[in-house]
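To keep things clear, I will list the structure first and then write my remarks on it.
What you are looking at is a predicted structure, and each value in this text was computed from that prediction instead of being measured. A note on names: the letters A, B, ... follow the listed sequences, proteins ahead of strands, and every chain is numbered from 1.
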Amino acid sequence: MKKYDHKKIEKKWQERWEKDKVSKIDKDDRTKEKYYILDMFPYPSGEGLHLGHTESYAASDVFYRYKKMRGYNVLHPQGFDSFGLPTENYAIKTGIPPVKTTKKNIETYTKQMKSLGLNYDFDEKIDTSEPEYYKWTQWLFGEFYKNGLVYKKTSPINWCPSCQTGIANEQVLGGECERCGTEIIQKEIPGWFFKITDFADDLINDLDKVDWPEHTKKNQINWIGKSEGALIKFPIKDLEKEISVFTTRPDTLFGATYMVLAPEHPLVASLLKTINHKSQITNIEEVEKYIKETQKKTEMERIEGKKKTGVEIKGIKAINPVNKEEIPIFIADYVLGGYGTGAIMAVPAHDERDFEFTQTVITSETREPSENFIKNVIKPNSLNDLKKYLEFLEYGETEKEKLNEYLMLVLAGKRLYTGNGIMVNSGKFDGMASEEAKQKITEFAGGKSSSNYRLRDWSISRQRYWGCPIPIVYSPDGEANLIPEKYLPWKLPEDVGFKPTGISPLADSKELKERTEKIFGKGWVPEYDTMDTFVDSSWYFLRYPDAHNLKEFCSKARQKYWLPVDLYIGGAEHTYMHLLFARFFVKAMKKIGLLDFGEPFLKLRHQGMVLDARGRKMSKSKGNVINPDKLVEKFGADAVRIQILFAAPLADDIVWNKDNIVGVYRFLEKVWEIGAAEKNESSAAVKNILQKTIKKVGQDIENLKYNTAVSEMMKFINAVKKSKISRADFEMFLKILAPFAPHLTEEIWYSLRGTRTTNADDTRTNAEIESIHLEKWPDYDEKLIKDKTHTIAVQINGKIRAEIEIEDGLSDEEVKEMALSDKRVQKWMDGKSSKKIIYVKNKILSIVV
RNA sequence: GCCCGGGUGGUGGAAUUGGUAUACACGCGCGACUUAAAAUCGCGUCCCUCUGGGAUGCGGGUUCGAUUCCCGCCCCGGGCACCA
């Protein structure tokens with residue numbers, strides 16, 4: 001008997017499949033139900049495919065093969081998210097153009113994917129840096145532009161001094177650039193924005209419509225960060241101006257004792273500009289100095305213990321709309337320019353930040369004692385409420401006294417209380433529940449209910465080379481114009497230097513400048529920025545059904561049949577950016593009539609990370625990266641696929657232990673040996689377990705519980721090794737193993753059906769035999785699964801005291817009698833009679849004495 | 001501080017509409033085969049004071065019965081962090 005030789009087998013079938021074009025599907029076949037399973041496409045880096053990719057792609061490949069065997073027309077495409085910084089940085093270092101590097105890396109990735117037996121149709125692949133693709137990225141930008149979903153503004157953006165580009169909020173991690181770890185600074189530059197905030201509510205609400213992991217949904221909701229409250233206007237005394245604030249606590253409006261403007265609030269600049277106002281402000285130098293300081297420190301403030309600072313604008317006052325009280329206005333950087341209206345009403349008695357500001361800034365100024373500033377307008381409903389609010393404080397025997405003491409301090413304006421309660425010191429609202437007062441006081445103050453979001457509009461301008469050019473040109477007087485569709489793709493120029501200078505590399509290109517002037521006229525200049533690469537990946541899944549269409553991003557007919565994606569598999573690290581942006585794109589496209597569905601991914605599952613044996617992330621710098629190629633070389637693609645799916649549930653992290661794969665290899669060897677051995681009639685036990693295995697493996701695949709599917713098949717093979725199996729039964733097993741081990745099963749399948757076939761009904765020659773991967777998924781027979789006997793456990797007072805064998809089909813009474821007559825049971829019942837007997841059919845019998 | 005996960009043998013993990021905890025695999029130990037080793041095969045492998053008792057991070061509760069449900073903690077991982 002020949003030994004299992006994975007190298008020979010896998011190479012042979014990969015070549016054969018390629019020749020037979022088994023990955024081709026008919027995208028216009030409407031006779032079958034469709035299924036669209038999608039992998040998050042990789043960035044083709046120089047390092048090649050890693051084990052994380054391997055897991056995710058093996059998982060989707062199994063699912064794809066399974067669905068196909070179930071009779072679906074399955075789309076399972078792959079592509080490359082090839083624009084991006086690492087390739088550009090490589091160009092800066094080596095001078096090799098990104099186009100060249102990208103081509104080479106894609107070749108490597110493709111080869112690796114093929115060697116894993118992943119059945120993608122690479123003729124239909126997507127490469128986001130190819131003009132045929134990015135033409136449509138630009139076209140979509142144009143559609144958004146025409147429909148008011150894109151705008152340009154100059155604003156402080158996150159700037160990475162090392163990458164020399166602006167980046168999105170989502171790409172800042174802990175104040176550092178997610179790519180290079182450099183500290184992010186704020187910089188005022190003009191750039192293009194997508195109006196993702198227009199869709200904030202839909203992005204929250206529509207999560208109800210999709211089957212996604214709960215934590216992913218919750219994280220998206222938190223990221224969007226909706227808070228409900230009210231917009232309230234405070235007039236400024238003696239000036240035709242007002243300050244609008246957003247608050248979630250309009251019920252505390254009577255307690256507003258001062259206002260705070262963010263240093264970048266437009267009103268601040270306008271007050272300082274106008275002579276009249278200037279002369280009214282008595283401490284103008286102080287104010288100007290403070291603003292300058294805050295501009296300078298931006299990032300420092302985070303590190304420096306967050307002590308609150310601020311300065312009063314002396315000489316002007318705001319008027320509280322509910323009680324007409326005059327209150328001072330401060331500038332302080334604890335109020336953020338970008339959130340809400342950039343201004344707040346401060347209620348120190350009921351807000352921790354305002355309280356702190358009062359303690360640290362106002363009392364340190366030449367002001368009255370802070371008590372006069374802290375006006376209580378809500379008191380706890382009861383001492384119990386207060387206790388709950390103060391749960392962090394320790395109270396002993398005198399708990400009640402201490403609570404009372406605290407309450408007195410609250411009412412005296414020396415402590416704060418941020419909970420709900422009963423209105424006091426609030427005019428006609430006294431005695432009302434604070435929750436109820438929110439609405440009432442908003443109305444009384446002439447304000448309106450409003451929501452605010454943590455989510456910002458998506459800044460997409462990048463001052464880099466290797467990205468999709470923004471299809472905009474500027475007229476000689478600086479007006480932005482969309483480049484008409486007939487000039488798309490608006491190609492990335494090639495005559496540029498790659499060294500980042502802080503201005504976009506595209507500004508270097510003579511060709512681009514000439515092209516622009518030739519088409520649009522003298523003095524016209526192109527947009528030099530390129531798009532964030534997340535734009536490329538926000539719509540790629542819409543392209544696969546019609547990847548080569550030159551007239552549309554995807555034909556209506558193909559859209560209607562294939563979209564949206566049925567199952568999407570990828571890492572949880574994309575929860576915030578990619579998944580949010582892709583959802584935004586689909587919603588925006590639906591709004592402007594380009595799509596007729598609102599959610600891109602009906603079902604989403606994550607794969608975990610693959611960690612090294614010590615539980616650390618694999619990285620080049622740690623030198624602990626495991627190369628899948630070496631594993632494939634040594635153990636074969638089939639073993640690598642199965643081991644990585646067997647190691648842990650798909651969503652969990654895998655701690656990669658190099659020794660564990662031998663277990664899977666042994667399993668495959670056993671399958672090989674059984675395949676080569678003489679076949680008999682199956683034993684009754686094998687017949688029974690085969691049916692159970694078919695059922696369980698099918699269910700497990702449907703639920704993406706591959707680890708237990710694999711263990712089930714191992715159990716089956718262990719049982720067969722101890723018994724006998726018929727050829728027909730073994731072939732059934734091969735079919736369910738086929739999605740996991742496509743090469744091995746194909747080889748055995750042909751050997752059984754071809755040269756060695758002894759089946760009289762099967763007169764086909766070897767060449768005519770069809771691939772196992774075109775077979776139907778086997779049905780199981782519920783009758784054969786049914787066991788003839790059951791072992792049931794007998795509990796007495798909650799402890800298991802005996803096991804009894806019963807025949808299937810006995811009545812409950814008969815089982816009870818059997819149990820009660822069992823010697824062991826009688827011993828433990830000790831002559832007592834049973835008070836209660838609970839029988840769970842074929843599982844357990846519980847006797848209470 | 002807030003939000004989201006998670007804690008089961010030496011290791012990865014299995015089992016949840018509450019029903020025999022530790023399947024499957026790695027590792028380890030013993031044995032067979034071998035001149036020997038590797039490979040392979042067989043047996044064993046949660047702990048203990050072992051006719052029994054105790055274990056699913058800890059402490060309570062509900063129940064005939066809890067890894068699963070409830071209450072209160074501890075620990076680990078991830079995310080957010082002056083968001084008014």
Side-chain angles (χ1 to χ4, degrees), chain A residues 3 173-175 213-223 225-227 229-230 245-250 252 260 262 301-302 306-308 332-336 338-347 350-354 356-357 392 418 452-456 572-573 575-576 609 613 615 642-643 646-649 651-664 666-667 669-670 673 705 707-718 721-722 791-803 827 834-849:
Chain A
K3 255 186 80 99
L173 298 179
E214 261 333 288
H215 70 270
T216 306
K217 290 187 185 183
K218 281 181 180 156
N219 283 336
Q220 284 221 348
I221 291 169
N222 289 344
W223 186 265
K226 180 174 184 169
S227 57
V245 302
F246 172 73
T247 176
T248 54
R249 294 297 301 272
T252 65
V260 187
E301 70 180 324
R302 280 214 178 91
K306 292 182 196 168
K307 200 162 181 203
K308 290 189 175 42
D333 62 5
Y334 82 93
V335 172
L336 309 172
Y339 186 79
T341 62
I344 61 157
M345 64 174 202
V347 187
H350 305 296
D351 182 280
E352 291 195 24
R353 295 149 303 184
D354 299 344
E356 197 195 319
F357 185 75
F392 55 91
T418 63
N452 247 293
Y453 303 87
R454 186 185 167 281
L455 186 71
R456 291 295 124 78
E573 69 273 19
T575 298
Y576 305 105
M609 278 184 299
I642 294 175
Q643 174 56 30
F646 176 57
D652 289 10
D653 289 347
I654 293 175
V655 176
W656 187 263
N657 183 326
K658 65 176 174 49
D659 295 329
N660 288 351
I661 193 170
V662 302
V664 165
R666 284 175 196 152
F667 163 68
E669 279 181 321
K670 286 180 205 165
E673 282 159 22
K705 292 175 75 175
N707 55 332
T708 50
V710 172
S711 91
E712 207 64 21
M713 290 188 284
M714 286 174 167
K715 273 191 240 178
F716 175 76
I717 285 301
N718 289 345
K721 282 291 269 185
K722 288 181 187 154
T791 308
I792 59 172
V794 183
Q795 287 187 337
I796 294 155
N797 285 345
K799 293 223 179 289
I800 286 157
R801 298 302 185 186
E803 279 183 354
K827 180 187 152 201
S834 63
K835 281 188 201 143
K836 194 173 172 187
I837 300 179
I838 296 127
Y839 177 49
V840 181
K841 203 159 177 60
N842 299 340
K843 276 187 181 154
I844 204 162
L845 186 95
S846 185
I847 302 169
V848 189
V849 297

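- Closest to the side chain of Gln795(A), from the set rG19(B), rC24(B), rC4(B), is rG19(B).
- Taking atom CZ of Phe667(A) as the reference point, atom P of rC26(B) lies 12 Å away to the nearest angstrom.
- By the rule that a glycosidic angle within 90° of 0 means syn, rG9(B) counts as syn.
- At whole-Å resolution of the value, CG in Asn222(A) and C1' in rG78(B) are 13 Å apart.
- Judged by Watson-Crick or G-U wobble contacts below 3.5 Å, the nucleotide rG77(B) has rC4(B) as its partner.
- Pairing of rC28(B), defined by two Watson-Crick or G-U wobble distances under 3.5 Å, is identified with rG44(B).
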Verdict with reasoning, Arg666(A) to Val662(A), per side chain to side chain contact (heavy atoms under 4.5 Å, CB included): CA-CA 6 Å; Arg666(A) 284 175 196 152; Val662(A) 302; 3.8 Å; yes

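- In this structure, rA39(B) makes no Watson-Crick or G-U wobble pair, since no nucleotide meets both defining distances under 3.5 angstrom.
- Across all strands shown, rU62(B) has no partner, as no Watson-Crick or G-U wobble contact with both distances under 3.5 Å is found.
- Partner assigned to rA23(B) is none, using Watson-Crick or G-U wobble distances below 3.5 angstrom.
- In this structure, of rA81(B), rG52(B), rC4(B), it is rA81(B) that holds the atom nearest to the side chain of Arg454(A).
- Between the side chains of Tyr576(A) and Asn222(A), no donor-acceptor pair is found at a separation under 3.5 Å.
- The interatomic distance linking Ile654(A) (CD1) with rG12(B) (P) rounds to 13 Å, in whole Å.
- Per the geometry, CE belonging to Met714(A) stands 7 Å off P belonging to rC26(B), to the nearest Å.
- rC2(B) atom P lies 10 Å from atom CD of Glu352(A), rounded to whole Å.
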